[in-house]
Amino acid sequence: MKDLFERIIKDKGPLGKWAKQAEGYYVFPKLEGPISNRMGFNGKKLITWSINDYLGLANHQEVIKADAEAAAEYGLAYPMGARMMSGHTTYHEQLEQECAAFVNKEAAYLVNFGYQGMVSAIDALVTKNDVIVYDVDSHACIIDGVRLHHGKRFTFMHNNVESLEKNLERATKVAETTGGGILVISEGVFGMRGEQGKLKEIVALKNKFNFRLLVDDAHGFGTLGATGAGAGEEQGVQDEIDVYFATFAKSMAGIGAFFAADKDIIQYLQYNMRSQMFAKSLPMAMVKGALKRLDMLRTMPELKEKLWENVNALQSGLKDHGFNIGKTNSCVTPVFLEGDIPEAMAMVNDLRENYGIFCSIVVYPVIPKGMILLRLIPTAAHNLDDVKETIEAFSAIRDKLENGIYKRIAAAMMQ
Ligand SMILES: Cc1ncc(COP(=O)(O)O)c(C=O)c1O
């Protein structure tokens, strides 16, 4: 018999096998200094486009003050225990009521981490007789939630309503034999490429099929819609989203997340969601900090306006310079270029070392072979100089890429 660790030590996994070449630079980089538009990296200040601090709250003085006051009053331990047992407070309840009101739902339930909460909510919402139909490009937390499902599941092609319809026909047949129901899952905004989920079209299918809709709006909450209530508000279908999810880890620059739905559904989650029943409650400092942030979302529309000024300048500037930014209709700004992985690494190195730009890089297998995706996250903390400098830098690196310079650098590095 083999020792379990024998394989683990030999085979570090699809990403882990690159650790030696990539660690500390392409993966696990250490960004230093206050979270802002320009942060320290390897001794240099770089324009930072890889932090989901959409509204620029992470380093906002009012937020830091509220967090510090809450931590000074309660410490980081309070309350102790799971919500159901000894971890419930008036502030947790208040935050839930305010989150529900903000996204126009009857009730809400807090979870400690978006990822863990989504896994657990999917687990709680379905039984083995139910059928899940979900977008093939769903976030890992949705995929892991579906993995816990003992019944049938179907994927539909990414943001493809025809494919969803076909799979709803299949799901309906299954559900009619098992006596179960159907849960459709989409994202409000797909975080890698920035396309909004086609919520309006999905919701229209409710006229033809019987299903409930769960939407992960991690990237839409606080950034889309007239009041910032997210992709459902933006597309005018918030009422038809049966279970709405948002995390505090992006536009709220905090930690924690919530589900919002009708009262009965939220009560069901309170009593059946294992990640909350068997885990410590969200600490008070986070809860009070989230109340402060939510208040700022409500009362400071200038934050979202500033965000969109930067988003529009960046996206239209990139398009004017001939860049392919895909089908984004959110703040997430992908820039698609053609090249292989070594070229992508040489290019990102050049961006950081010589052009002062720090952004995320996505390659195969997340996107098709031969493509490079540079993913930019504009925030309210950026300014138009950042945008201008970045577009100039991108034009320069694109020229180098097209002229084979990164291919030569990468080949030299490999020797
Ligand atoms: C679409 C989506 N859902 C869920 C999560 C997880 O949220 P959290 O960071 O609160 O665990 C993320 C975070 O990356 C996300 O992008």
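As the structure lists them, so they are numbered: ligands from 1, and atoms in each ligand from 1. Along the sequence shown, residues carry numbers from 1.
- In the vicinity of Cys141, heavy-atom distances shorter than 4.0 Å reach the ligand 1 atoms 3 (N), 4 (C).
- Note on residues 28-41: pairs passing side-chain hydrogen bond (donor to acceptor under 3.5 Å, both in side chains), not counting sequence neighbours, are Asn37-Asp386, Arg38-Asp386, Arg38-Glu389.
- Taking the six-membered ring where the residue is Trp, Trp49 and His382 present parallel rings, their angle staying beneath 30° rather than reaching 60°.
- The residues Asp144 and Arg147 are annotated as salt-bridged, a charged nitrogen and a carboxylate oxygen being separated by less than 4.0 angstrom.
- Of all protein heavy atoms, the one closest to atom 8 (P) of ligand 1 is Gly114 N, 3.4 Å.
- Judged by distance alone, the side chains of Tyr54 and His219 do bring a donor and an acceptor atom under 3.5 Å apart.
- Scanning all protein heavy atoms for the shortest distance to atom 13 (C) of ligand 1 gives Lys250 NZ, 3.0 Å.
- For ligand 1, the polar-atom distance check finds no N/O of Glu187 at less than 3.5 Å from any of the ligand's N/O atoms.
- In terms of protein heavy-atom proximity, atom 12 (C) of ligand 1 is nearest to His139 NE2, 3.4 Å.
- Looking only at heavy atoms of the protein, atom 10 (O) of ligand 1 is closest to Thr247 OG1, 2.6 Å.
- For the residue pair Ser138 and Asp135, no side-chain donor N or O sits within less than 3.5 Å of a side-chain acceptor on the partner.
- In terms of polar-atom proximity, defined here as any N/O pair under 3.5 Å, Gln116 makes no such contact with ligand 1.
- Salt-bridge annotation for Lys44 and Glu353: present, with a side-chain N of the basic residue lying under 4.0 Å from a carboxylate O of the acidic one.
- For ligand 1, the polar-atom distance check against Phe113 finds no nitrogen or oxygen pair separated by under 3.5 Å.
- The protein non-hydrogen atom at the shortest distance from atom 11 (O) of ligand 1 is Tyr115 N, 2.8 Å.
- A salt bridge links Arg83 and Glu96; the closest N-O separation between the charged side-chain nitrogens and carboxylate oxygens is under 4.0 Å.
- Not a single salt bridge (charged side-chain N to carboxylate O under 4.0 Å, His left out) links Lys304 to another residue, sequence neighbours left out.
- With hydrogens left out, the protein atom closest to atom 3 (N) of ligand 1 is Asp216 OD2, 2.6 Å, a heavy atom.
- Residue Ala218 approaches ligand 1 through these ligand atoms, each under 4.0 Å from one of its heavy atoms: 1 (C), 2 (C), 3 (N), 15 (C).
- If you check which protein heavy atom lies closest to atom 9 (O) of ligand 1, you get Ala249 CB, 3.7 Å.
- Proximity of Ala257 to ligand 1, defined as any heavy-atom pair under 4.0 Å, is not found for any part of the residue.
- Below 4.0 Å from some heavy atom of His219 lie the following atoms of ligand 1, by number and element: 16 (O).
- Using cut-offs of 30° and 60° on the angle between ring planes, the pair Phe259 and Phe245 is tilted.
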